[in-house]
Each structure stands twice: as structure tokens, then as C-alpha cells.
Amino acid sequence: MVDGILSEANKLLGKASKVRFHNLASRYQLSRKAEEKTMEIEKQKNEGKFDRVSNPAPPPPLLFPSQEDIVIFESRERQVEEIMEALKDNKTNFIGIYGMGGVGKTTLVKQVVKRAQQDRLFPTIAMVVVSQTIDVKKIQDQIAERLGLKLDEVNEQNRVSRLLARLKEENKVLIILDDIWARLDLATVGIPLGHDHGGCKIIVTTRRKQVCDTMVDTRSETAKVIPINILSEKESWVLLKKNAGAEIESLTLNSFAKDILRECGGLPIALVTVGRAMRGKDPDEWQEAVRELRKSQPETIEGMDEDVYRCLQFSYTYLKDEKAKKVFKLCCLFPEDFNIPIEDLVRYGFGLKIFEDMRMEDARRSAHSIIKNLKDSCLLLGSDEEGCVKMHDVVRDVALSMASDYFVRDGVKKLEDWPDMEEMKRYTGISIMQNQVSQFPDAWDSPNLKILLIDIGKTRLVHLWEEPIYMPATVWTGMKALQVFHRRDNSRKSYRAQYFRFLQIDFSQLSNLRTLMLQYYKIDTTPIGELKMLEILSLKNCEFRKPFNTIGKLTNLRLLDVEFSSLDGVSSSIFPINAMSTLSRLEELYFLSFDILRPTPFPFLLYRRRTKYPFFLFPFLHNFRSFDDLNITVLKTLSRLTTLTIQIQTIPEGFMFPDLKVFKIHWGSRICIRGKEKLINAFLSQVEGFNYLGLCEFGGGSNITISSLVCMKPLMPRTNFLYLDSLEELKNINPCLLLGGLDALKILVIVNCPSFAYLINGEEFLGRYALLPELEGLCFEDLDTFKALCNGELPPGTSLPMRKLKYLTFFRCPELLNIFTLPNPQQEFEQLQVLEEKGMKNISKGPTELLHLPKLQIVCINGCQKLKVIFPAFIAQGLEQLKELVLEDCDELEAIVAEREEEERRIDKVVFSELIRIRLYKLYNLKTFCMDNLPLKWPSLKELSVDSCPKMKTFAASDGNQITPKLKEIKINTNYIMLNGTNLNTIMKYHNKKEIQAMNN
């Protein structure tokens, strides 16, 4: 029985691994099946003992921040081709890429990854940044994550064995170890090489060829070592011109530009940073730049060319904004290859008076402007993590060499060597991050220290009962000038709050502290009340031993962040009633006790499944201990408040929210929308400081009525994301529109509102303007009475254009008969999902020639039992950007493109020019793609899957006219068939395994 369950589970996982992120219909279907199998497996596990059920599906392909500005030169293209040939060569299993810092090794490897993914050379690719300090555990964990494997073992050999065994299960796998500084024994990591696993290939990048020589025999045919040299003079000129501007060709600048070209020495990072710094400058400034570069005295940094140092030092010096220089310098306090949170830089900068005499919102705006300037100057890089930036390791090396007043140690397994007392006196910044610290010095004499960052990394097993390393009171006595202190215990990030370690600090010595940030600790807040200069206080993800009674003493406080924190042992208010009324200067209050839009940081929390929420949001109702609601009447006393995040169970009658600029407010039941789904993040990534408003009456107790919504009136005009759930009285969104217009609304989700019938009811509306002008995403789910987007005609001068709507989802709305009923000549949809709409017979209603969907890219239709065709010919011919088509579980579907009506006879062909992927599943009556002899073409089609479509004997009635030059194979049921020039209609005739085998033979 167990074997059978495991076999079916593995089949589901196999399917899941092929489901891309935007194929939400398939994910939904698989998740339902997987849930059933999970329950069976859990039952079996309870009756027996199993070490492992199955390997989870691997993550999606590696994605990197946009590289649109990257220039691929002929010399680099040759090297990419050389690496690609080595990857395809069965004999080669090790590729070493070496070159000086800043020459472009990592950029080159990212191009290789992109090519390898396009060519589908490896099902799994893992890329790990190793850096100067080799952390075997970190390397193992990152590779394991790409394999869907979690290494919980403490024993090193067990970790090695499990990773090795899992890698050997992969037929082909590519592992990239970026920025290695010393020999790494692959066997100690658990990475197979050579005869141990012929399908495993290794790429390493390093500044030193000797590293490659010590890892493998580079003279053997199984290894290939490729040097990355500097650019030629011609290539260097092209790169400098791209970044400095075409003006360098002018007579006035040409000679200076050539001098700078020589100073940059053909190094891409130098050419880019100097070029960006000089863009738009006059001849005098160019001449001065040449002088500065020539006189610069380079430091000796291992693996770095002197030209790189000079150029980067010049780019820093040439920053005219002193604030930008200070923020840049702050960035080198973070570990190598670290995702640097921009919000941390804002809060540090405020404490250090970089953003002096500013409101918080102005400081944040200034910081983002500075970050943009530094990125444009190539001194900082973009990050694939939202709200973060990165610093190139070469840039960081130069920054640290210039920041002689900083003491920075990161990634040290056991930090024991501290500077002597005399050295400590000169430091203005100390950063100890991702380290194991066995003991702090007994005393620090650091009279000039302004910023102290301590981040305890999870580098070894941390016992739940351990206390954090104690910092003696004599340490704090020696840093009375300290303005910023941030301490975080990342080793506790995944534990329950009750297992946080107690942190005790003598705050009485820190009278000049302006920014205090503590995370993942159990704390006594009483001493914090003595920090009279404090302006930024962040106690995020902490557990308070008792209520914060002294909060009222912090009268200079500008920002208070206690998100996701709780009170020890009891469910009572974290702040006593009216304790915050004295905080008259407070501008930002972050008070959410759970994250609405992202997973909870505590995976141990219990949840109960709740299938009536939007499947693409993956929400779960969490039952966990947290503090009661803030007494929101205190908001009336906070006259400067501009930002608020909070969950409220009830709102007093007559209360009105202040006019906030930034907010996340959830009124009613705690519903966590879990999972970083692309559908939601597509919006959030475009809306800086997006404003969320959620109303949820699930379970009752919140007393949310239509009349009570008036308290939200000041918020409606600025709301970007509106979530309406289980509101009994809600029939349409007219009440919300009447409160403020929702002119900024980008996402609207309406769930389980039993009376909801129309988005807009024109018969009730009295207005003369465009409705929902900025709306981009619309989701309707579990709406038993929902019939259409609009009822009746809107008044003259009023329209519902939805020109910006990109994502449209309908899920279990049984009264919905069709989607497109509005007389809009053109819709800007990019993604359409229709799921389990069992009563829907047609996608559109009315004259099809009036409907154009030129931007539609993804169509997912699942469980619509009465649909017979999807697109009329008029609509099909306009699907110019359609990239993916997924049709599943539609029992009566006979064709995808309908037979042409009389008025459509002038259509002589349909070209799906961008369509890449088609999936047809469980369409038991599907006969063909198109019902008549209309010629069809699919010039971009690469994936075609036809599963459980027994009546589909032809792909299109126009035999021989379908053109699919990029389609090499198709999948019919569980069989893959190579085309080899065979007509698709011929192949579609074969549905049983024997016929397919005979055909392949």
C-alpha cells in the first residue's frame, strides 16, 4: 500500500516540477491531489517509521536581476561558447574560470546559466557564492535548497552523505561555485566529481588559477580552465562610450576619454564606474578626472589590479553628494554578497544624522534617491530580493580599504581575535555579522564609535536553553558616543518566540543612542525607556517579558516598529492603554502581529485549511498567541502619524482613521495570505510603499457592516490593494467607490461574500468619471450570486474602462455565464484564469469583433464543464502576445478556435506568433484545435502536451498548414514523441503506447 501511495506521490511531484510559476490552474489541481496523498502518507507514517517520503519538487530556474545594460563582446561570446561546449562534452566535468577582480567572471557565468537553461542542458542548476571564508554548511544548504532537500543533520558526515546521495539521483546537474579564494575539497561538501557521478558538472570562478590547480588535475581531459582577460582597446572604448555617452567622440572630449581609457586598463568594472561618473561632465571636469586617476595611490588588495582600485576610488571620490558617500560607506558594514535592506540603511542613516532635520518619509525618499544614484554609478548592484541592494565584492574590498575607521568581521567561524585597546579608539563603526562569538572583550575603549552591528549567524547547533553571549557593562561604558545599535539573532529566526534567548543590555550608558534595533530576542523593555534621545526603535520579531510601560518616556520617538512581536505568556496589550499618547513626534507605527501578504516567520504555527480563499494567495488561518489590539483611539493624539500597519478586531463607533500616506490595515479575522505567488508580487513590486486595506468578517465578531466602512473614508483614495472577505451585506463595490473613488486601486480581491452580484451596479450609481482607472488585478472567488462585472448601463460620463487590467481570475462563481460583456473595444489583459465555473458556456457575450485582447499572454481555464469552444476566430486572430495556453477538465470542450461565422470568413489565417506552451488535459470531447480549415501557425511553439484527450485525432482541420518550426517533440499522455518532420495530425492519431513505441522505432 505504501509503495503505491509513494508511486502516485512521485508522479504528482514529477508533474509539479514541470509546472511553471504562472500555471496556477495546474498548481491548484496538483495541490488538491497532493493534499489527499499527504493525508494518506501521514496515516502510514503514524503506523510505521519512514526516514523520507519523497524528494520535494525542485525550485524554478535560476533568475538574476535584469542584465539589460550588459554588453556581450565578441571575446566574451567566444568564451561563453567555449564553456557551453565543455558543458556538452561528456568527458569534461570541471570548468575553472579565473581572472582578476572586476574582469567580469560572474557576469560571464550568469550568461552561461541563461544559455544552459534555454538549451535545457541541466534540469537542476545550483549557484553558490563561496567568498573568502569558506563555509561548507552554507554551501551544502544552498545546493540542497535547489534540490528541494532540507539538511537538518548536525553530524557533518551525515550531511555529506545525504547531499551526495541526492545529487546522484539527478541525471544531470550543474553546480557553480562562484568567487572561490582557496582550495575547496568537493568531497567534504558532498559534491561528486568524475567517475563518482558523470552527470554532475562543476564550474568554479576564482581570481587565482592556483585554486583550480589545487582542486583538480587541470591537465587532464576531464578539466578545462579558461582565463578571462581584460577587454581589447576597441571593446573598452565601446563600453566606456556606452556608460559615459557618445560625447566622448567629440573633439573636446576625445583625448581626455582616451587617457581615461588607458587608466582603466581594459577592466569592465573600472570602465563602467568611471564612465558613469563622467557622464554629462564638461571638458574641465574630464581633464581633472585624468589628473585624479593618475595621482591616486592604490592599496595592495589580493587579486585586484591597481587600475581597478584607482578607478573605484575615483568613482567614490567623484560622488558630489556627501550623503551618498556616507550611505555607500555604510554598505560595506554588511557581509560579502549580502542582500542589504534599504530600510536598514534608512534607519541607520537617521540615527547617524545623515538625514538630519527631515521627516521620516523625506529621509526614506532621500535614501532611495541616493541608492539609485549609487546603482547608476555602478557602486551598488540590484538584488533579487525585494527592497535590497548588493555590493560587488571588488567594490566592497576597495570600500573597506578606504574605511580605515571601520572594524568589519563577517563569516568567521569562531571570532576570538579582537583589536587591541588602542586600535579600538579609532573605530567609528564595528560590524560583527554571521559569526560565532565565544566571548566579547571585558572592556571596549571606543569613544568615537557611532554604529555597532551584531548579527549572530546560524553557524552551529544552538541549544534552546542557551543564553546569548553576554556583553559586560564595562563594554557599554566605553562607547558613550554610540548612536546606532542593531543586534539580531538569526540563529533563532525559525524558532517559537518562547525559545528566544533573553538579551540583557545596560542601556544606561547609551545616552546618545538614536537608533535601536533588536530582532529575535526575549527582552525586558523597561530600561529602554531611559533612552531619551531615541528616535528609531525597532523591536521586530521579539518577545516582551512584560508590557512596555516606559514607552511614554520616549518623547523623541519618530518610528516605532513592533511587528510580529508578542507578549510573554499572556494575551494582553503590549502597550498599556494611553501609554503612547505622549509620543507626539511619532510619524510611523508598525504594529502588525502577523504578516498579511507573506509567510509567517514561524513555521511551527498551526493552521487549518480553508479552501474558500483564493487559491493563488494560499491563505491559512493561523492560531497563535499574540497581543490584543492596540487601542486605536490613541491615533487621535498622534498628529504627525503618516504610516500605520495594524490588525484590528473591532473599531469603536464614530472612530475615523487619520489621513495616512502609507498603511497596511486589516480589520477582522486574522488571515495570512501565504506564499510569494507571482500574481500578487507582480503588483507589489511595482507599487513602492503599497497601501493594503483588508476587511474580513470570517467567523464573525468584528461587526463589519456597510455603514461602518465610513471610518475608512480617508484611506480609500490611497488604497492600492483591497481585500474583501465574508462581508454578508456587500452586493457590489459601490459603497467603497462612494467613500473615496478608489482611484489608486491596483488589486481587488473579493472572496465569499454571499450577496455579491456585480462589481458595479450601474442602476445604483450616480457619478460622472472613470471608475477604477488604475486597476491591474481582479479576483473573484466563492461568490455564489456573482453574475457579471457590471449590471445595467452606467450614467453618461461614467465608464469602467479597466484599460490597465492585467490579471483577471474567476474561481467558483456558479452564476457567472460569461466574462466579456462590456462594450470595450480593447482590453489590456495579460493573464486570464477561469476555474471551476461550471455554468459558463461562453467566454464572451455580444459581437466578437468588438473585443480585442492584444496583450493577453497567459490563459488558464480549468473545470468549466459547459464550455464548447474558447475563442471565436475574431478574437483568436488578435492574440498577438499569447505565450501560454492551459486547458484542463472541461468535459464538453470540442475545439479551442470556433468555426468561422459568416462575418468571419474574411479571416484567412491565424498566427499565434508568441505562443510557446500548450497544455491540454482531461478534455474528453476535444476533437481539434480549430473546427474548420482555417490555416494556423505556431512559429514559437516549443512545448505541446496532450493528455487524456481521447477524441483528439487531428490537431487542426487544415492538415499541413500548421507550422511549428521550433517544436521538436510533443507529449501525448505520458509519452514523449520526437517529431522528426512528421505532421502533427499524423502523430495525433496515435494514442496507445504500442503504437507510439512502434512509431518511435
Those residues that, when tested against Q857, pass side-chain hydrogen bond (donor to acceptor under 3.5 Å, both in side chains) (two or more places apart)
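Once residues adjacent in sequence are excluded, Q857 has no partner under the side-chain hydrogen bond (donor to acceptor under 3.5 Å, both in side chains) criterion.
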For F94, enumerate each residue passing the ring pair (Phe, Tyr, Trp, His ring centres under 6.0 Å) test, keeping only those at least two apart in sequence or located in another chain.
none
Partner residues of Y98 under the ring pair (Phe, Tyr, Trp, His ring centres under 6.0 Å) criterion, sequence neighbours left out:
none
My understanding is that only residues two or more places apart in sequence, or in another chain, count here; which of them pass side chain to side chain contact (heavy atoms under 4.5 Å, CB included) with [X]?
X	value
K372	D376
K966	K942
V911	K909, S913, K937, P939
K138	D135, Q142

Mind checking salt bridge (Lys or Arg N to Asp or Glu O under 4.0 Å) for [X] and listing every partner two or more places apart, or none if nothing turns up?
X	result
K88	none
K224	E82
E77	R115
K209	D213

Please list all pairs meeting salt bridge (Lys or Arg N to Asp or Glu O under 4.0 Å) that have one or both residues in residues 177-187, counting only residues at least two apart or in different chains.
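Non-adjacent pairs meeting salt bridge (Lys or Arg N to Asp or Glu O under 4.0 Å): zero.
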